[in-house]
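Note that the structure is predicted; figures quoted are calculated from it, not measured.
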Amino acid sequence: MDLWFAGWLFGCSLIILSWYCHQLASEKGYSPWLFAVLGLLPLLNFFSLLLLYLLPDKHAEEHRVYFSKFRQRP
């Protein structure tokens, strides 16, 4: 019974990690299905998540922060 429960928890964690990789890749502008499949593979899911954290955002120019020259302090 303990082996089945451990396998069930492992499967749930893989699905949740795959879903999170899919969401993060779609937010950053990369292929979400590629990273979702990589999130399902047991050894590559950690590296794919780390890669998503380190890759730059492809939509960074759309989310520019406005800095007012009047609010800058020396």
Transitively linked via ILVMFWY side-chain contacts under 4.5 Å: L41 with L34? yes
Partners of I15 by side-chain contact (heavy atoms from CB on, under 4.5 Å), sequence neighbours excluded? none
Look at the rings of Y30 and F35 and say which category their plane angle falls in: under 30° parallel, 30 to 60° tilted, over 60° perpendicular. perpendicular
Distance col, row C12:SG vs L17:CG, nearest 0.5 angstrom, shows 12.5 Å
Between E27 and D57, what is the shortest heavy-atom contact and its length? O-OD1, 3.7 Å
Atom CZ of F47 and atom CG of L44: how far apart are they, to the nearest 0.5 Å? 8.0 Å
When rounded to the nearest 0.5 Å, the distance separating SG of C21 from CH2 of W33 is 13.0 Å
Closest heavy-atom pair and its distance - P32, A25: CA-CB, 3.9 Å
Treat each ILVMFWY residue as a node, draw an edge where side-chain heavy atoms are under 4.5 Å apart, and state whether L14 and F46 are in one component. no
L52 and L54: same hydrophobic cluster, using ILVMFWY side-chain contacts below 4.5 Å? no
Shortest non-hydrogen separation from G29 to K58 and the atoms involved: O-CD, 3.4 Å
Correct closest heavy-atom pair for N45 and G39 would be CB-O, 3.2 Å
Side-chain heavy atoms nearer than 4.5 Å, only ILVMFWY residues, links allowed to pass through others: does that put L24 and W19 together? yes
Residue pair A36 / S18: nearest heavy atoms and the distance that separates them: O-OG, 2.7 Å
